[in-house]
Amino acid sequence: MKIADIRAVPISFPVPPEKSVRLGIGRSVKRDAVLVRVETDQGHVGWGEAHHGRCPGAIARLIDTTLRELVVGMDALDVAGVWQRVYRMQLASHGMGAAAALALSGLDLALWDLRAQETGWPLYRLLGGSAKPIKAYAGGIALGWQEPAALVEEAHGLVAQGYRALKLRVGDTARRDVARVRAVREALGDEIELLVDANTGYTLDDVRRVMPAYDELDIGWLEEPFPAWDREAYLCAAALGRTPLAAGENHYTRYEFGPLLQDGAVRFVQPDLSKTGGVTEAMRIAAMASARKLTVNPHTSATAINMATSIHFLCAVDNPGYFEGDVTGLNPFRDEMADQLPYELDAQGCVAPREGAGLGLKLDLDFIKAHPLIEGPCYV
Ligand SMILES: [Mg+2]
């Protein structure tokens with residue numbers, strides 16, 4: 001069965017001001033994703049999701065031209081072979097850096113969807129896993145920079161939904177960050193796990209200032225204090241307190257996770273399946289983390305495809321950490337893109353993979369068609 005065509009479908013929706021959230025990368029004004037449709041010469045179709053990279057049109061173009069030229073005609077079931085060809089001809093030799101990794105991720109997810117549909121198995125089973133419960137935390141674009149009272153109210157609502165772990169957005173000033181985190185800890189008590197994410201917004205001096213409070217408030221991890229490349233800063237920050245560091249959503253392929261793991265400064269590994277090289281590469285990264293006794297806690301992208309795939313992935317590794325539940329107030333790409341939601345939270349705050357062939361979701365093609373690309377930035 002050969003790959004007959006691949007096509008990128010960039011999609012967007014506007015976020016109205018009253019639903020906008022502020023965090024370390026700006027204020028959300030729209031959401032984007034790049035879906036990837038793979039069709040075989042026998043008419044079989046798989047769908048994947050590539051992260052938008054803050055320029056979805058460019059990612060889509062890369063898929064529709066460069067990737068298409070590389071892989072049309074290849075065996076659609078040879079996902080490792082397709083991965084290797086794109087890696088060798090593009091990532092390893094001609095750059096495009098993150099953009100090529102995002103594009104390859106979407107293609108890889110689509111090929112795994114296709115493979116799983118071919119077997120008639122849910123993806124987790126094809127990957128060698130079982131349908132075990134995966135603990136989830138409340139993440140996505142939520143719990144942002146707001147007054148402590150409003151943040152506490154939002155946090156209470158998420159605990160009422162069943163979440164036993166919440167991720168707050170920091171990376172504001174050290175004083176305001178600590179005030180927000182302290183208010184939520186005091187309101188929710190010690191039984192709820194609290195995580196924080198600086199979205200690369202901290203300096204080393206910021207970390208020195210916030211770390212004593214995060215230690216005292218028993219924060220489960222401090223995510224992305226710095227950009228992915230800043231290995232020295234991660235090493236220094238890890239020595240400033242007991243709160244473990246987390247990173248990985250902006251690390252691409254096992255070749256960037258290698259040094260991250262080797263440094264040992266980061267204790268929670270967070271590859272995004274739509275960014276780091278797809279299921280194929282995330283499985284390799286999970287094995288590398290497993291060898292160091294670390295869990296994988298995949299970062300969640302925009303749509304039901306990434307969310308469902310991430311849960312299948314977590315069910316197929318021996319070191320699953322958290323699934324990042326998307327508690328963004330408004331996300332039709334999560335709620336309306338398929339015949340059912342990508343996941344539901346159970347009474348223990350866990351999620352489970354969807355059964356049925358592939359991802360276990362039936363995509364609504366009319367919905368996809370009704371959300372064409374909106375040009376411009378998604379955060380301002
Ligand atoms: Mg993050």
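This chain uses plain numbering: 1 for the first residue, then up along the sequence. One-based numbering, in listed order, for ligands and for the atoms of each.
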Atoms of the protein (N/O/S only) found under 2.8 Å from the Mg ion (ligand 1) | Asp197 OD2, Glu223 OE2, Glu249 OE1
Given salt bridge (Lys or Arg N to Asp or Glu O under 4.0 Å), test Arg169 with Asp197 step by step and report yes or no.
-> CA-CA 5 Å; Arg169 300 298 178 152; Asp197 185 352; 3.0 Å; yes
Please list, chain by chain and in numerical order, all residues satisfying ring-ring contact (aromatic ring centres under 6.0 Å, His included) with Tyr202, sequence neighbours excluded.
-> none
Output all residues satisfying side-chain hydrogen bond (donor to acceptor under 3.5 Å, both in side chains) with Asp263, sequence neighbours left out; order by chain, then residue number.
-> Arg231
Under 4.5 Å between side-chain heavy atoms, hopping through other hydrophobics if needed: is there a path connecting Met283 to Ile285?
-> yes
Under the salt bridge (charged side-chain N to carboxylate O under 4.0 Å, His left out) rule, collect the residues that match up with Arg115, sequence neighbours excluded.
-> none
Of Arg164, Glu193, Lys167, which is the lone residue that meets side-chain hydrogen bond (donor to acceptor under 3.5 Å, both in side chains) with Tyr137?
-> Lys167
